[in-house]
Number of protein chains: 2
Amino acid sequence: MARIGERATVTSAAVLDSALTLFAERGYHGTALSQIAEALEVRTPSLYNHMRAKHDLLLTIIDRTVTGVLDDFTTATAGRTDPLDRLRNATRIYALRHATHRREAIVVNRDTSSLDEPHRAAMQALRRRHDHALRGIIEDGVAAGRFTIESPALGSFAIREMCVSVARWFRDDGPITPEQVADEYTEFAVRIVSAE
Amino acid sequence: MARIGERATVTSAAVLDSALTLFAERGYHGTALSQIAEALEVRTPSLYNHMRAKHDLLLTIIDRTVTGVLDDFTTATAGRTDPLDRLRNATRIYALRHATHRREAIVVNRDTSSLDEPHRAAMQALRRRHDHALRGIIEDGVAAGRFTIESPALGSFAIREMCVSVARWFRDDGPITPEQVADEYTEFAVRIVSAE
DNA sequence: CCTACCGATCGGTAGG
DNA sequence: CCTACCGATCGGTAGG
């Protein structure tokens, strides 16, 4: 960053990135704008050249992330009709994202409830679209006699949440790569639905 | 609670319960003592007759919960040596707790990081004991040739976190009982480790 | 980018 | 249990 004696120069991308790091570490309500400013080596009022309000930082982070999740899903399942193939690809991309975008996932899961209305409801609706899409794959697989699972709803909860939780324990400096996690979790998903 | 015109009478158990509800809903930093007082129909300073500080409410909630998790595990696995039997019982009690003690689980998972040192480290250490115990069961099962799983560590993360997440989606007024969730999740755990 | 400053609210205390 | 009040800090604004 800026050297001693120089004025720091900041961008809105840098503000968002610092907010992302601190929100993930301490939560939205646990982070003061003064801490974001300190990380960027500026005074708090300077942040307002790059954002409208603290709340907007949270909204931008969450909106981009949930939109990214839905885009991932669409890309990963496009043109595929086999339920097992769809499940594998949807799980792999979802787990992979949670290993590679840990901060985003932690903030979405912890702080979406801190959004003001109507934004909170809008973001929850987007998240639910992904939930339903994943559950739909499992229901299709059961209907086609390809999966054996008593409750597709519980199965989709289990698969979804085990992927989400990767963000909480994965370490960038650990011995295992995001791709390895994604592959292993894909196998877990297949086992949970007892694919043929 | 107290009727109009009467003075409210509060206990420390009631303060903890209101704190639990509000911390689970809005997070520790998102909850003001004035909101806890309002829920109990008293003024904020009156809370100090039943607690020492806001921080102590959080510590008490987390300490009781993680201690309860460890006690559950000990009880559920006591006297059992078969890895599959141990895995089933440990998973069932853990999933069951997360359906029946949702608020506690949400607070522990979201706000343990808000604890002051050395309490934060102490609580994390207790949580880790449970993690290691669960992982140990899976490693034992693999060593005995009873389970087939590439990474016991990833398997134990997946099983643990799918159970924890029950607290986030389970509804008391839903169609499914905590026992049904626990049984189904136990089956998922067995599938994840591919028990013989 | 900064200094100076705003009202609101925070956790907590004094004293009864 | 309450009223009255404390210093600290919050997000945000004025003005340059």
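In the text below, chain A, chain B and the rest are named by the order of the sequence lines, each starting its count at 1. Predicted, not measured: the structure shown is a model, and the values here were computed from it.
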task: Please check the phosphate of dC1(C) (OP1 and OP2 only) for any side-chain N or O of Arg43(A) closer than 4.0 Å.
output: no
Quiz item: Between Arg97(B) and Phe73(B), is NZ or CZ placed under 6.0 angstrom from the six-membered ring centre and within 45° of the ring axis?
Solution: no
Pairing partner of dG15(C), by Watson-Crick or G-U wobble and under 3.5 Å for both distances, is dC2(D)
* Asked: With a cut-off of under 6.0 Å to the ring centre and 45° to the axis, is Arg168(B) in cation-pi contact with Phe157(A)?
  -> no
Phe23(B) side chain near Ile36(B) side chain, heavy-atom distance below 4.5 Å: yes
Assign each of Asn49(B) and Lys54(B) the nucleotide of DNA chain C bearing its closest heavy atom; nearer the 5' end lies the nucleotide of Lys54(B)
Looking only at dT13(D), dC1(D), dG11(C), the nucleotide nearest the Val42(B) side chain is dC1(D)
Ala32(B) has its side chain closest, among dC10(C), dG12(C), dA14(D), to dC10(C)
Query raised in the report: Distance check: side-chain N/O of His29(B) vs OP1/OP2 of dC10(C), anything under 4.0 Å?
Result: no
Any Ser34(B) side-chain N or O less than 4.0 Å from OP1/OP2 of dC10(C): yes
- prompt: Does the side chain of His55(A) get closer than 4.0 angstrom to OP1 or OP2 of dG12(D) through an N or O atom?
  reply: no
With the side chain defined as heavy atoms from C-beta on, Ala53(A) is closest, among dC1(D), dC10(C), dG12(D), to dG12(D)
Partner of Asn109(B) under side-chain hydrogen bond (donor to acceptor under 3.5 Å, both in side chains), picked from Glu161(B), His98(B), Glu104(B), Arg127(B), is Arg127(B)
